[in-house]
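This report refers to the structure that appears directly beneath it.
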Amino acid sequence: MRFLIVDDERTVHEQLTALIPWEQLGWEIVGHAYNGEEARRLAEQLMPNIIVTDIRMPMMDGLGLLEWLQQMNHPAKVIVLSGYGDFDYTRTAFKRDAYDYLLKPIKEAELLSVLGRAVDELRQEHQSQSDRINEKAVLNQGLVLMHDELFMQAAVTGQLDENELHVRAEQLMIALPEGRFTTIVVKITEADEHIQRRFGGDRNTFLFAARNMIQETVGKQTLVFRNLQKAAEFVVLLSHSERPVDWLPSDLDKLRSAAERYLRVRLRIGASAPKQRISKLAAAYAEAVQALESLRLGGDESIAIYGQATTAAANHVKPVESWQEVNMLLDMFLGTGALRDKALLLDKLNEAFSAAMLAKMSATEWKKAASELLAKLEFAGGHDEAALQQLGEARAGIQEVRTEQAQQAISTLIQDRLTKALSTTKLKNGRQLMEVVKQYIDLNYRDVTLDDIAQKFYMNKNYFCSLFKNTIGENFVEYLTALRMEHSKQLLEQSELKTYEIADYVGYSDQRYFSQVFRKHTGMKPTEYRQFARQQAE
């Protein structure tokens, strides 16, 4: 049983802590607050079962806290401890759903008696509520499951045509939208953690409560389904009939707010473009998923409508560098065995999966990047039963956008390969190694140096230069210069950048030297090349 103590006098906190045998009773003080505002924040965050509060406090008093708890429909029982026995105080407290009102100084026997009664009632209420929910869930389980399976066949797998859908819907007493409708996909974030923390690991009860919350918010007549292929995804078909102009953003925000208020969960919501016929349900579902996955994983925005770019999505910079480096290191390791610092690959993997990096990526971008890594590992072959299980875990994590699950599985696969590599001798293939180095040069041509390459790939500079020349067919400097010149030509043709700006962009700090190299490479000055290229284009 979880308790929150609220009083502006520290001595009261100390007295209550010492007075009650908390540990022996199996009770826990989860927080101490010294004013009503702090109590409100902790009540939201910690969800205590019982709150013991004073009346007179700064910022927000106990009566104000009671009023807020009443408005929020907070389930905690509130016991008021006060030095004021005035009838107006007690009457107001009980009008605001106080469980009991005790006068200071605190009497141990009286307080224990009240707390014991409150705990007993909470346990009975919890058991009764759980029984009611389970009973209703069992009664409706069969019909609801058939509804969900019909939706899966119509929207996700596309197995039903319009006529079949209408016939099946009529058999199951489902009133499909007539005319214009919008499909929305509702994804509950961090559902597993919430199920463990607030529902004792009971997934079915949580999903039942979530469906009810969505149904109550969108209206009893609105169709709500659960995607049986996803852990915590619901789909809603919103009819446009009898709705005001510009209703969609407001309705989606109400749904988001209701989830935070009643279930204490966060939602990510994607909405399709409007459709005229139910035969477009599969297309509408695909659009809603695409909108949902356009949201950044760590961004503040939680609602996206297909065809309407969010502010964050329009402005953010894609964090490709870390993922490119992981890919490069993995290619080098899988292809050649040339990876002297084994920890470097795992460090870069952790960096790519870090919260800071994920906050810059949409779900679509992340799924693409993570899938590319997994494909490399899967294609490498040689998987035992444990590795096949990890591959399955990683696929599921990517599909469900469970970043921690995917990271753990991919990391385990890489660690297993690294461990096995230590006990085997694998000859380095020069061409494969140089192809990986070449990819690195192509990505970093602006500022890459011979020292950088020697340090990153753990090779002697003379050995690298010789191997590069023999493998690629030209020496490092020639290849790098040609690469920079090709990029310079593209910029001259396609942009209005000045010559000195292009020089700096491709890695030359001296404009005159850049012009000399460019003329030697093309036979023309940069300005002459721009004029020539544009004349050719005309």
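Hydrogens, waters and symmetry mates are skipped; everything else that's a heavy atom, side chains included, is used.
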Checking [X] now: which residues fulfil salt bridge (Lys or Arg N to Asp or Glu O under 4.0 Å) with it, not counting sequence neighbours?
{"X": "K368", "result": "E372"}
{"X": "D97", "result": "none"}
{"X": "E28", "result": "none"}
{"X": "E9", "result": "none"}

task: Just grab all the salt bridge (Lys or Arg N to Asp or Glu O under 4.0 Å) pairs involving residues 147-158, residues at least two apart or on different chains.
output: D148-R211
task: Please list all pairs passing the salt bridge (Lys or Arg N to Asp or Glu O under 4.0 Å) test where one or both residues lie in residues 248-265, with sequence neighbours left out.
output: R243-D251, D253-R256, R256-E260
Can you list everything that forms a side chain to side chain contact (heavy atoms under 4.5 Å, CB included) with [X]? Sequence neighbours excluded, please.
{"X": "T17", "answer": "I29, H32"}
{"X": "L388", "answer": "H383, L391"}
{"X": "M152", "answer": "V156, N227, L228, Q229"}

- line: Taken to the nearest 0.5 Å, the spacing of L346 CG from K348 NZ works out to 12.5 Å
Which pairs would a plain distance check flag for residues 181-188, meaning a side-chain donor or acceptor within less than 3.5 Å of a matching protein atom at least two apart in sequence or in another chain?
{"unit_1": "T182", "atom_1": "OG1", "unit_2": "H240", "atom_2": "NE2", "d": "2.7"}
{"unit_1": "K187", "atom_1": "NZ", "unit_2": "E400", "atom_2": "OE1", "d": "3.0"}

Can you give me every donor-acceptor pair (side chain of residues 44-51, partner residue at least two apart or in another chain, under 3.5 Å) with its distance?
{"unit_1": "N49", "atom_1": "OD1", "unit_2": "R2", "atom_2": "N", "d": "2.7"}

- prompt: Parallel, tilted or perpendicular for F206 and F199, by the 30°/60° rule?
  reply: perpendicular
message: Once ring pair (Phe, Tyr, Trp, His ring centres under 6.0 Å) is applied, do any residues pair with F151, and if so which ones, sequence neighbours excluded?
response: F225, Y285
